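Structure first, commentary second.
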Amino acid sequence: QVQLVESGGGLVQAGGSLRLSCAASGRSFDSYVPGWFRQAPGKEREFVAAINWSLGGTYYANSVKGRFTISRDNAKNTLYLQMNSLKPEDTAVYYCAACRGTTYIKTYCSAATSYDYWGQGTQVTVSS
């Protein structure tokens, strides 16, 4: 099992940037495909990004491609999400999560039901 703790959320103006972190303990991220989801009030949980932990291949939702960057620090067992050019529609609770398996498959690890472990979430609010 793995425990996940997010940090780095907050309030930012449109066009600004935030960097989210997710620290894993109990088991290394190399046993999973880690990723980020978000959920706004009244909306379904939405896939944001995922990463192949060992090789570094990255995968993004079309809504954030070119603005967000997912990365990892293998030695620190920590996942990151750099968010640039933020828009009010990016406002949501952001969750890090661990998908079953070690290889990203598009239709599998872009679905919330494929993720066994979740952090508590961190609020991101973008003002206009």
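Given the structure is predicted, the values throughout are model-derived calculations rather than measurements.
- Of the possible polar contacts, none joining the S114 side chain to the C109 backbone as a donor-acceptor pair under 3.5 Å is found.
- In terms of hydrophobic clustering, with Ile, Leu, Val, Met, Phe, Trp and Tyr side chains grouped at heavy-atom distances under 4.5 Å, Y94 and V12 are assigned to a common cluster.
- Cluster annotation: V93 is not connected to L4 through the hydrophobic network of ILVMFWY side chains, with a link wherever side-chain heavy atoms come within less than 4.5 Å.
- Within 6.0 Å of CD in Q120 there are more than 12 heavy atoms belonging to other residues, nucleotides or ligands.
- Remark: Y117 OH to Y32 OH distance equals 4.5 Å, nearest 0.5 Å.
- Between N77 and W53, some side-chain heavy-atom pair lies under the 4.5 Å cut-off.
- V48 has its side chain out of reach of Y60: every pair of non-hydrogen atoms, C-beta onward, lies at least 4.5 Å apart.
- Nearest approach of L81 to A49, heavy atoms of both residues: CD1-CB, 4.5 Å.
- Residues satisfying the ring pair (Phe, Tyr, Trp, His ring centres under 6.0 Å) test with Y104, not counting sequence neighbours, are Y59.
- Between the CZ atom in F29 and the OG1 atom in T102 there is a gap of 14.5 Å [rounded to 0.5 Å].
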Please tabulate, one pair per line, all N/O donor-acceptor pairs under 3.5 Å involving side-chain atoms of residues 14-28, not counting sequence neighbours.
residue, atom, partner, partner atom, Å
S17, OG, N84, OD1, 2.9
S28, OG, D30, N, 3.2
S28, OG, D30, OD1, 3.1

With side-chain contact (heavy atoms from CB on, under 4.5 Å) as the test, would you mind laying out the steps for M83 and W36 before giving the verdict? CA-CA 12 Å; M83 304 184 294; W36 292 93; over 6 Å; no

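- Remark: the backbone N or O of T78 is not paired with any side-chain donor or acceptor of R72 at under 3.5 angstrom.
- The two residues G119 and Y95 make their nearest non-hydrogen contact at O-CD2, 3.6 Å.
- Taken to the nearest 0.5 Å, the OG atom of S63 stands 7.5 Å off from the CG atom of D90.
- The backbone N or O of I70 lies less than 3.5 Å from no partner atom in the side chain of T58, so there is not a single donor-acceptor pair.
- In this structure, the side chain of Y80 does not engage the main chain of D73 through any donor-acceptor pair within 3.5 Å.
- The shortest distance between side-chain heavy atoms of Q82 and F68 does not fall below 4.5 Å.
- Taking CD from Q123 and CZ from R38, the interatomic distance works out to 12.0 Å, rounded to the nearest 0.5 Å.
- Here the closest non-hydrogen pair linking C96 and L79 is CB-CD2, 4.3 Å.
- Of the possible donor and acceptor atoms, none in the side chain of E46 sits under 3.5 Å from a partner among the backbone N and O of Q39.
- Figure legend: R100 and Y115 shown without cation-pi pairing, the cationic atom not lying both under 6.0 angstrom from the six-membered ring centre and within 45 degrees of its axis.
- For the pair T91 (side chain) and T125 (backbone), a donor-acceptor distance under 3.5 Å is absent.
- When all heavy atoms are compared, the tightest approach of E6 to T122 is CB-CG2, 4.1 Å.
- Using bins of under 30°, 30° to 60° and over 60° for the plane-to-plane angle, the ring pair F37/F47 lands in the perpendicular bin.
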